[in-house]
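Here's the structure we're looking at; comments come further down.
In each ligand, atom 1 is the first atom listed, and ligand 1 is the first ligand listed.
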Amino acid sequence: MIVAATPEALAQAATRLRAGEVVAFPTETVYGLGADATNAAAVARVFSIKNRPAFDPLIVHLADPAALATVAAACPDAARRLIARYWPGPLTIVLPKAARIPDIVTAGLPSVAVRVPDHPVARQLIALAERPIAAPSANPFGYVSPTTARHVAAQLGAAVPMVLDGGPCRVGVESTIVSFVDAEPVLLRPGAVTLEMLEAELGTVRVGSGAPLPTAPGQLPRHYAPRTPVEIVASVGAIPSTARAGAALLSSAPVAGGDGFAQVEVLSPSGDLEEAAARLFAALRALDDGGFTRLYAVAVPERGIGRAIMDRLRRAGTRTTA
Ligand code: TXA
Ligand code: MG
């Protein structure tokens with residue numbers, strides 16, 4: 001059931017979490033499906049509701065950066081610099097795990113992914129629960145992440161007794177993930193804390209690509225995927241007119257030459273890629289329900305948040321032309 005995030009609802013949600021139940025809640029990136037990260041049985045419910053394979057570890061969410069030492073066994077200076085700058089915010093850091101976190105959370109890995117979300121509802125909920133909260137995105141495994149409470153209820157509604165509504169997510173794509181498990185930092189998933197921002201703080205950052213499971217399951221080639229085939233194109237002109245009937249066109253910025261498509265969806269009328277990222281998943285969901293034969297997505301430059309948009313489009317699709 002969707003409930004407005006009133007103080008009473010937050011208190012009830014925290015009580016549920018403390019009792020080992022799951023609660024869906026908003027963050028600034030996407031909605032999460034939360035459970036007490038120190039309770040293995042509660043975390044097991046999250047895996048089962050999402051139909052998520054046990055090899056795919058969860059992110060542990062804290063209300064305050066000061067709690068980091070309760071979930072991570074160590075934190076190098078470079079990671080501390082990122083934390084000082086970007087927490088609370090859409091940045092997840094992978095560190096050696098503390099014994100308090102059960103193996104089910106980390107899929108047996110010796111590392112744990114941690115973040116402090118920048119959303120008042122998320123932070124109040126975690127603070128009231130008085131424990132770290134393990135939370136994957138609140139979608140069935142492999143599907144597009146939810147950016148509204150309704151997205152969560154539409155797919156997981158029956159299995160999730162409480163979905164806290166905090167409005168649409170401001171960022172709209174999942175957090176940036178940086179691992180500090182190896183000697184050098186590795187970007188495992190691009191997000192709103194961009195590679196350029198990371199490199200300004202750390203110097204050169206290696207971009208992980210196609211790393212084998214289970215270290216980076218978010219990098220499964222087909223992930224965050226709608227049912228309708230998605231094809232990335234460099235430009236609209238590359239799509240023959242015969243392929244347009246019955247297909248939809250998805251573009252971050254206004255496009256010329258979009259004639260002949262069954263629908264044209266422009267994510268940002270002003271061509272602002274942050275706005276486009278915030279609206280991307282809701283648009284993919286809506287188009288996926290539209291009965292189109294194919295979704296053509298126009299590529300964006302791979303810099304700034306454009307890297308995260310392209311990453312999600314690639315995972316949503318199967319082929320790339322151009
Ligand atoms: O923005 C977000 O990060 C959202 C909100 C709810 O906070 N959460 C999210 O969680 O996207 P999820 O479970 O959908 O994605 C977490 C990713 C997975 O790809 C997982 O493989 C990776 O984090 N991950 C978790 N623990 C890891 C670890 N110890 N080492 C490497 N990757 C890890
Ligand atoms: Mg996810």
Would you say CZ of Arg85 has more than 12 non-hydrogen atoms from neighbouring residues, nucleotides or ligands within 6.0 angstrom?
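No.
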More than 12 heavy atoms of other residues, nucleotides or ligands under 6.0 Å from CZ of Arg150: is that the case?
no
Cationic N near anionic O, under 4.0 Å, [X] to [Y]:
X: Glu265; Y: Arg285; answer: no
X: Asp311; Y: Arg307; answer: no
X: Arg170; Y: Asp118; answer: yes
X: Arg279; Y: Asp272; answer: no

Heavy atom to atom 29 (N) of ligand 1, shortest distance: which of Gly191, Ser137, Ser111, Gly34 holds it?
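Selected option, by shortest heavy-atom distance: Ser111.
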Selected option - heavy-atom contact closest to atom 11 (O) of ligand 1, from Arg189, His61, Arg52, Lys97
Arg189
Any side-chain heavy-atom pair from Val114 and Trp87 closer than 4.5 angstrom?
yes
So do Arg312 and Pro190 actually touch side chain to side chain, heavy atoms under 4.5 Å?
yes
Under a 4.0 angstrom heavy-atom cut-off, which atoms of ligand 1 come close to [X]?
X: Pro136; result: 10 (O), 12 (P), 13 (O)
X: Val94; result: 28 (C), 29 (N), 30 (N)
X: Leu109; result: 28 (C), 29 (N), 30 (N)
X: Ser175; result: 1 (O), 2 (C), 3 (O)
X: Thr29; result: 1 (O), 2 (C), 4 (C), 5 (C)
X: Ile177; result: 17 (C), 22 (C), 23 (O)

Before signing off on this row, confirm whether [X] and ligand 1 have an N or O atom pair separated by under 3.5 Å.
X: Lys50; value: no
X: Thr27; value: no
X: Arg115; value: yes

What's the separation between atom CD1 in Ile133 and atom CG in Leu33, rounded to the nearest 0.5 Å?
11.0 Å
Which one holds for Leu58 and ligand 1: side chain close, backbone close, both close, or neither close, with close meaning a heavy atom under 4.0 Å?
backbone
Just let me know how Leu188 lines up against ligand 1, side chain, backbone, both or neither, with a heavy-atom cut-off below 4.0 Å.
side chain
Any N/O/S atom from Ser145 (main chain or side chain) under 2.8 Å of the Mg ion (ligand 2)?
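False for Ser145.
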